[in-house]
Undergrad: 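Structure below; questions to follow.
These numbers come from the heavy atoms of this one structure, side chains and all, not from hydrogens, waters or symmetry mates. Positions are given from 1, in the same order as the sequence printed here. All values reported here derive from a predicted model rather than from experimental measurement.
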Amino acid sequence: MTTILVTGGTGTLGRLVTERLRADGHEVRVLSRHSRPYAVDLRRGGVGLDTALAGVDTVVHCATTQRGGDERSAANLVAAAKRAGVAHLVYISIVGVDQVPLGYYRSKLAVERLVEESGIGWTVLRATQFHDLVVRMLQALAKLPVVVLPAHASDQPVEVAEVADRLAGLAVGAPAGRVPDVAGPEVRTFASLARSYLDATGRRRAVVNVPLAGKTYRAFRAGGHLAPEHAVGKGTFEEYLAVRFGGGEGGRRE
C-alpha cells in the first residue's frame with residue numbers, strides 16, 4: 001500500500017482524511033506541530049521534516065493558518081518533498097482564491113502556484129467553506145444582541161466529511177492537476193444561514209443586513225467564492241446543525 005503523509009493531520013479536515021486512508025489500509029503519517037513522532041513546524045522545516053518524508057509516496061497538504069506563513073510552509077514542504085522523491089503532492093484550497101482579494105485567499109492561491117510549479121506530480125482541489133466555519137462565525141456574531149451581516153452576500157457551505165472523502169480518493173490516484181471543485185448543495189444567503197443557526201441553538205437575535213464597501217465585499221457579493229455548478233455535496237447546513245446541536249425542524253431558509 002501507499003505511504004502517505006498528511007500535513008495538518010490532526011485538524012478538522014486532515015483528521016478525517018487520515019481516518020479514511022488508514023481504513024483503506026494505507027500507511028499514513030500525521031504531521032503537525034504537536035503530534036509525535038512527526039511533530040514539525042512547517043514554517044521552519046528542518047531535519048524533522050526530512051525524516052517525516054523519508055519513504056513517502058504521496059503528501060496531502062491540509063495544514064494552514066490564517067495567521068500567516070502558509071507560503072513559507074509550502075515552500076519548505078515542496079523542497080523537502082523533492083529531496084525525498086515524493087511522487088504526488090495533493091493540496092486542498094478554497095473556491096474563490098482567484099476571485100476574492102482577501103489576504104488569506106491570496107496566500108492560498110500563491111500556495112497553489114508553488115504546488116503547480118514544484119516539479120512534483122500534483123493535484124489541487126478547491127472546496128467551499130465547511131459548515132463548522134460558518135457556525136464559528138455565527139457564534140461570534142451572535143454574542144451581540146443584533147447579528148449584523150453583509151447585505152446581498154451568500155455562501156455555499158459543504159460537509160467536511162464529503163471533502164475528506166474526495167481528498168482521500170485523490171490521494172490514492174495519479175496526479176490529476178486542478179480537479180473539479182467541491183461545493184455544498186445549496187447557495188444560501190448569510191441571513192438564512194444565521195436564522196437557521198439561531199433556531200437550532202434557541203437564541204433570539206435580530207438579524208440585520210448592512211451594505212459594506214471595498215473590493216473584498218464586492219467579490220463576495222458577486223459570488224466569487226461560490227460554485228453552484230459544482231454543488232456535489234449532499235449534507236445540508238440544517239442537517240449539520242441537527243447533529244451538532246440536536247435541533248429538530250431544521251430552521252428557516254430564504
Side-chain angles (χ1 to χ4, degrees), residues 5-9 11-14 17 31 41-45 49 58-82 86 88-134 136-137 150 153-158 160 162-164 166-167 170-171 175-184 187 212-233:
L5 175 74
V6 179
T7 73
T12 301
L13 175 62
V17 172
L31 186 146
D41 187 337
L42 279 174
R43 293 170 297 181
R44 297 180 181 179
L49 181 56
T58 297
V59 173
V60 182
H61 187 30
C62 298
T64 187
T65 174
Q66 296 194 27
R67 295 189 296 273
D70 275 10
E71 293 170 57
R72 183 167 63 252
S73 295
N76 288 336
L77 179 63
V78 165
K82 291 175 74 172
V86 169
H88 189 188
L89 177 55
V90 183
Y91 180 56
I92 179 66
S93 189
I94 304 171
V95 170
V97 292
D98 54 349
Q99 300 293 323
V100 179
L102 191 66
Y104 180 59
Y105 278 35
R106 286 173 171 166
S107 180
K108 298 289 283 188
L109 181 60
V111 173
E112 283 189 14
R113 290 171 177 160
L114 284 170
V115 170
E116 292 167 8
E117 298 168 1
S118 66
I120 302 170
W122 60 275
T123 301
V124 170
L125 172 67
R126 292 180 182 176
T128 51
Q129 304 294 339
F130 301 152
H131 290 135
D132 73 296
L133 180 62
V134 176
R136 289 202 303 270
M137 177 192 74
S154 301
D155 205 1
Q156 193 179 356
V158 67
V160 63
E162 295 177 328
V163 179
R166 177 69 172 132
L167 205 58
L170 292 169
R178 171 80 187 282
V179 297
D181 299 338
V182 172
V187 175
L212 303 176
K215 293 181 179 178
T216 298
Y217 169 64
R218 287 197 296 272
F220 277 119
R221 188 178 61 190
H225 61 305
L226 306 175
E229 69 280 14
H230 295 293
V232 296

Undergrad: Are any of the side-chain heavy atoms of P228 and Q156 separated by less than 4.5 Å?
TA: yes
Undergrad: In terms of side-chain heavy atoms, does E112 have a donor or acceptor partner in S93 at a distance below 3.5 Å?
TA: yes
Undergrad: For R178, what residues pass the salt bridge (Lys or Arg N to Asp or Glu O under 4.0 Å) criterion, not counting sequence neighbours?
TA: D181
Undergrad: Please report the shortest heavy-atom distance between V100 and G224, naming the atom on each side.
TA: CG2-C, 4.2 Å
Undergrad: Do T123 and Y91 make a side-chain contact, defined as non-hydrogen atoms from C-beta onward lying under 4.5 Å apart?
TA: no
Undergrad: Are the side chains of L125 and V90 in touch, meaning some heavy atoms are under 4.5 Å apart?
TA: no
Undergrad: First locate atom CD of E71, then atom CZ of R106, and finally report the distance between them rounded to the nearest 0.5 Å.
TA: 11.5 Å
Undergrad: Please report the closest heavy-atom contact between V187 and S154, naming both atoms and the distance.
TA: CG1-CB, 3.8 Å
Undergrad: Going by the side-chain contact (heavy atoms from CB on, under 4.5 Å) test, name the single residue among D132, V163, L133 that passes it with T12.
TA: D132
Undergrad: Report the distance from atom CG of D41 to atom CZ of R72, rounding to the nearest 0.5 Å.
TA: 8.5 Å
Undergrad: Should L226 and T128 count as side-chain neighbours, where that means a heavy-atom distance under 4.5 Å?
TA: no
Undergrad: For the CG atom of N76 and the CZ atom of R44, what is their distance to the nearest 0.5 Å?
TA: 11.5 Å
Undergrad: Considering non-hydrogen atoms only, spot the tightest contact between L114 and A75 and give its length.
TA: CD1-N, 4.2 Å
Undergrad: Grab the two heavy atoms, one from R43 and one from S73, that are nearest each other, plus how far apart they are.
TA: CG-OG, 3.0 Å
Undergrad: When rounded to the nearest 0.5 angstrom, what distance separates CD in E162 from CG in L167?
TA: 13.5 Å
Undergrad: Do Y105 and Q99 come within less than 4.5 Å of each other through their side chains, counting heavy atoms only?
TA: no
Undergrad: Taking all non-hydrogen atoms of both residues into account, name the closest pair between T216 and P101 and its distance.
TA: OG1-O, 3.3 Å
Undergrad: For P180 and H230, work out which heavy atoms get closest and say how close.
TA: CB-CE1, 4.0 Å
Undergrad: For H225, check ring-ring contact (aromatic ring centres under 6.0 Å, His included) against everything at least two apart and list the hits.
TA: F220
Undergrad: Walk me through whether V95 and Q129 qualify under side chain to side chain contact (heavy atoms under 4.5 Å, CB included).
TA: CA-CA 8 Å; V95 170; Q129 304 294 339; over 6 Å; no
Undergrad: What is the distance from atom CG of D98 to atom CZ of R126, rounded to the nearest 0.5 Å?
TA: 4.0 Å
Undergrad: Within this structure, what is the CG-CG distance for the pair L109 and L102, rounded to the nearest 0.5 Å?
TA: 12.5 Å
Undergrad: What pairs of donor and acceptor atoms, side-chain ones from residues 59-68 against any protein atom, are under 3.5 angstrom apart with sequence neighbours left out?
TA:
from	atom 1	to	atom 2	distance (Å)
H61	ND1	T7	OG1	2.7
T64	OG1	D70	OD2	2.5
T64	OG1	Y104	OH	2.7
T65	OG1	R67	N	3.0

